[in-house]
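To find a chain, count down the sequence lines: A is the first, B the second, and so on, and within it residues start at 1.
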Amino acid sequence: MKTVRIGAGSGFWGDNLDPAIEIAKHGDVQYLAYDFLGEPTIPILQKMRQKNPDAGFVPAIRAVVRGVLPICLERGIKILTNAGAANPQACADSIIAAAKEIGITRLKVGIVTTNNIQEKVEELLDKGVTFANLDNGDDDLGRFRDRIVGSYVYSGAYGYVEALEAGCDIIISDRATDDAAILAPLVHEFGWKWDDWDKLAVGILAGHLIECGAACSGGITSLWKEVPEPWNIGYPIAEVNERGELFITKVDGTGGFINRVTLTEHLLYEVQDPGNYLMPEVITDFTHVEMEEVAKDRVKVWGAKGKPAPATLKAGIAYTDGFIGEVESSVTWPDAVAKARRSFDIIRKRFEMVNLKADEVRFDMVGVDSCHWSASPQPDEDINEVRIRVAAKCAERSEAGKVARECVMLMGTGPIGSTGQLNTPAPREVFALWPTLIAREEVTQTVEIREIGQ
Amino acid sequence: MTRIQLRDLVYARSGDKGDVSNIAVIAKEKRYYPLLLKYLTAERVKAFFAEMVKGDVERYEVHTLEAMNFVLRNSLGGGATRSLRIDFTGKTMCQAILRIELEIDKADLHLMH
């Protein structure tokens with residue numbers, strides 16, 4: 001029976017790239033899928049491209065070319081990735097240059113690019129499309145229009161499949177979804193049709209479970225105390241057979257584990273309504289999913305149901321949104337909590353005196369309530385130390401700059417036992433993301449192929 | 001009335017999309033799930049997080065895995081890129097929720113058996 005195995009190479013930009021080498025060597029896979037992009041990544045890369053036309057993609061792809069591509073070419077393993085981000089052409093240039101440097105003489109690179117979504121958003125705004133904000137229903141994007149820095153859309157597996165059918169060895173996209181890099185090989189291998197909703201749902205289930213790398217195989221799990229060798233976690237592999245059965249597993253001898261808990265944690269990870277998990281290719285219902293641990297680190301997963309693809313795709317519009325000024329320092333026992341509160345009183349007064357214009361100000365006691373706010377228990381007043389953190393969001397850079405300036409003074413004016421502030425940190429510029437929907441007919445993908453050795 | 005802390009009943013994991021935090025809650029044992037369905041309501045979760053969650057809380061269920069998913073709207077200070085929260089992606093929301101203490105009627109304890 002035909003079986004396809006796809007390994008997860010990366011879950012985010014900055015992830016460990018070594019587990020993919022293990023998978024390529026010992027995972028018996030035909031595909032490796034690398035996800036590098038989180039929600040804020042594309043706007044950051046768009047900004048980099050504005051400064052340097054050769055930038056704007058994920059440079060980690062060069063490490064993939066050097067460390068993994070030679071093994072993949074030898075074994076016929078194909079690589080799919082969204083490393084192209086805000087500049088897929090430059091990404092392809094970089095792949096080809098890096099491949100030549102290490103002596104690769106034959107390579108077929110597929111480049112999947114969506115149409116210019118920023119231009120499309122401008123055009124549709126002019127026509128009166130409102131682009132309601134998915135988070136809060138706000139439909140007045142227009143007031144930020146002159147502050148928009150870039151827009152992107154989460155596109156589907158279609159271009160990846162076309163490039164696989166053209167025989168590409170490595171395929172990069174700008175912003176195909178994380179799941180698309182896992183769904184595409186399955187569509188390609190099994191000849192699934194784009195309206196085989198239940199089959200596509202299996203591919204989305206597989207994609208969703210493994211696309212975040214270690215997060216389903218022993219990373220960030222409630223079972224953290226029991227994870228074997230967490231310094232050497234094996235990244236997950238999705239195995240699908242021609243009957244559409246899905247197994248999640250990993251390379252024997254690596255750290256981490258895969259079981260019903262780690263997979264259930266991940267099934268619902270960053271999901272809203274599990275009955276309607278929206279992807280460009282299919283809407284998937286996870287509410288009848290079942291799992292069985294059939295062997296060590298090998299779990300059978302079934303029960304996903306597919307519904308017709310949505311009429312809209314998710315888009316993100318990034319705009320500049322002021323500046324954040326932020327600073328920290330420490331106070332110690334005795335009376336650390338009381339000293340922290342006294343410090344906050346001083347700073348509040350100083351902010352009044354310098355007329356700080358801020359949209360929002362936060363005072364946190366790290367070690368007491370900085371992560372959980374009012375959901376934190378009452379502090380232990382005898383605690384040995386507290387790190388105080390003050391942050392403010394301001395429309396103007398000069399206002400945000402006041403935060404650190406006023407707080408630095410605590411080193412001289414605060415309670416005894418104030419310490420641990422090295423410098424006056426500069427404010428950082430803020431991007432806001434406006435999540436919205438765009439009609440799918442406004443989005444097109446094109447596939448281009450570039451080769452070494454032709 | 002018996003008080004049971006959620007920590008003893010569930011595993012939990014949280015993540016973010018924009019200004020929405022979601023917390024998956026998974027019964028450690030099948031027999032705990034009916035108690036969760038009855039007592040761990042969206043209202044309970046919303047009240048627990050209080051000022052942290054400015055929007056609605058919705059609860060979705062996956063009965064086959066004894067799991068539920070809480071969706072907390074307007075709960076991350078505007079989303080990761082613009083949030084003033086140290087935990088700007090809400091990764092620790094799943095740890096905070098474990099402090100919830102359910103006050104269980106004696107008559108309902110049989111649900112666990």
- prompt: Rounded to the nearest 0.5 Å, what separation is found between the CZ atom of Phe363(A) and the CG atom of Leu84(B)?
  reply: 11.0 Å

task: Would you mind checking which part of Val366(A) comes under 4.5 Å of any heavy atom in chain B, side chain (CB onward), backbone (N, CA, C, O), both or neither?
output: side chain

- request: State whether the side chain of Asn22(B) and the backbone N or O of Leu268(A) hold a donor-acceptor pair below 3.5 Å, judged by distance alone.
  value: yes

field: Residues of residues 389-396 of chain A within contact distance of chain B, non-hydrogen under 4.5 Å
entry: Arg389(A), Ala391(A), Ala392(A), Lys393(A)

query: If you measure from CD on Glu328(A) to CD1 on Ile86(B), what distance do you get to the nearest 0.5 Å?
result: 5.5 Å

message: Shorter than 4.5 Å, heavy atoms on both sides: which option in Glu290(A), Glu360(A), Glu326(A) has the most such pairs with chain B?
response: Glu360(A)

statement: Most heavy-atom pairs under 4.5 Å with chain B, out of Ile220(A), Asn133(A), Val261(A), belong to Ile220(A)

message: For Glu265(A) versus Ala12(B), what's the shortest heavy-atom pair and its separation?
response: OE2-O, 4.4 Å

- line: What one should report as the nearest heavy-atom pair of Pro274(A) and Tyr60(B) is CD-CB, 3.3 Å

field: Glu51(B), CD atom: more than 12 neighbouring heavy atoms under 6.0 Å
entry: yes

statement: Rounding to 0.5 Å, atoms CD (Glu39(A)) and OG1 (Thr89(B)) come to a distance of 10.5 Å

- request: Check whether Val71(B) gets within reach of chain A through its side chain, its backbone, both or neither, counting any heavy atom under 4.5 Å.
  value: side chain

statement: Value for CG (Asp359(A)) from CZ (Arg82(B)), rounded to nearest 0.5 Å, stands at 8.5 Å

- request: Answer with side chain, backbone, both or neither: which region of Asp273(A) has an atom nearer than 4.5 Å to a non-hydrogen atom of chain B?
  value: both

- request: Let me see the working for Arg85(B) and Trp373(A) under side chain to side chain contact (heavy atoms under 4.5 Å, CB included), right down to the final yes or no.
  value: CA-CA 9 Å; Arg85(B) 291 180 49 173; Trp373(A) 294 14; 3.3 Å; yes

- request: Pick one of side chain, backbone, both or neither for Ile44(A), based on which atoms fall under 4.5 Å of a heavy atom in chain B.
  value: neither

task: Report the C-alpha separation of Glu270(A) and Lys91(B) in whole Å, then their side-chain angles, then the decisive distance to 0.1 Å, and conclude whether the salt bridge (charged side-chain N to carboxylate O under 4.0 Å, His left out) test is met.
output: CA-CA 10 Å; Glu270(A) 296 182 343; Lys91(B) 299 281 188 199; 3.7 Å; yes

- line: Answer key: most heavy-atom pairs under 4.5 Å with chain A among Ile23(B), Thr92(B), Val25(B), Asp87(B) is Thr92(B)

query: In Å, rounded to the nearest 0.5 Å, how long is the span from CZ of Phe88(B) to CD1 of Ile324(A)?
result: 10.0 Å

query: So do Leu134(A) and Lys17(B) actually touch side chain to side chain, heavy atoms under 4.5 Å?
result: no

message: Heavy-atom cut-off 4.5 Å, strictly under: side chain, backbone, both or neither for Glu58(B) against chain A?
response: neither

- request: Answer with side chain, backbone, both or neither: which region of Gln272(A) has an atom nearer than 4.5 Å to a non-hydrogen atom of chain B?
  value: both

- prompt: Which atom names give the shortest non-hydrogen contact between Thr264(A) and Ala67(B), and what distance separates them?
  reply: CG2-CB, 4.1 Å

message: Need one label for Asp16(B): side chain, backbone, both or neither, based on atoms under 4.5 Å from any heavy atom in chain A.
response: both

- line: Honestly, the part of Ser83(B) sitting under 4.5 Å from a heavy atom of chain A is backbone

Euclidean distance, Gln95(B) CD relative to Ser222(A) OG, rounded to 0.5 Å: 6.5 Å

message: Set out, in order, the CA-CA distance, both residues' side-chain angles and the distance that settles side-chain hydrogen bond (donor to acceptor under 3.5 Å, both in side chains) for Arg13(B) and His266(A), then state yes or no.
response: CA-CA 8 Å; Arg13(B) 159 90 77 84; His266(A) 205 71; 3.2 Å; yes

query: Which one of Val361(A), Val271(A), Asp364(A), Val430(A) has the most heavy-atom pairs closer than 4.5 Å to chain B?
result: Val271(A)

query: Between Arg73(B) and chain A, which part of the residue has a heavy atom less than 4.5 Å away: side chain, backbone, both or neither?
result: side chain

message: Apply side chain to side chain contact (heavy atoms under 4.5 Å, CB included) to residues Ile26(B) and Arg260(A) and explain how you reach the verdict.
response: CA-CA 10 Å; Ile26(B) 306 157; Arg260(A) 206 168 178 273; over 6 Å; no

- prompt: How about Val62(B) and Phe286(A): do any of their side-chain heavy atoms sit closer than 4.5 Å?
  reply: no

query: Looking at Tyr269(A) and Gly15(B), what are the two nearest heavy atoms and their distance?
result: CE1-CA, 3.9 Å

query: Below 4.5 Å, heavy atoms only, C-beta onward: do Thr64(B) and Thr287(A) meet side chain to side chain?
result: no

task: Assess whether side chain to side chain contact (heavy atoms under 4.5 Å, CB included) is satisfied between Asn136(A) and Asp19(B), documenting all intermediate values.
output: CA-CA 9 Å; Asn136(A) 55 28; Asp19(B) 199 20; 5.9 Å; no

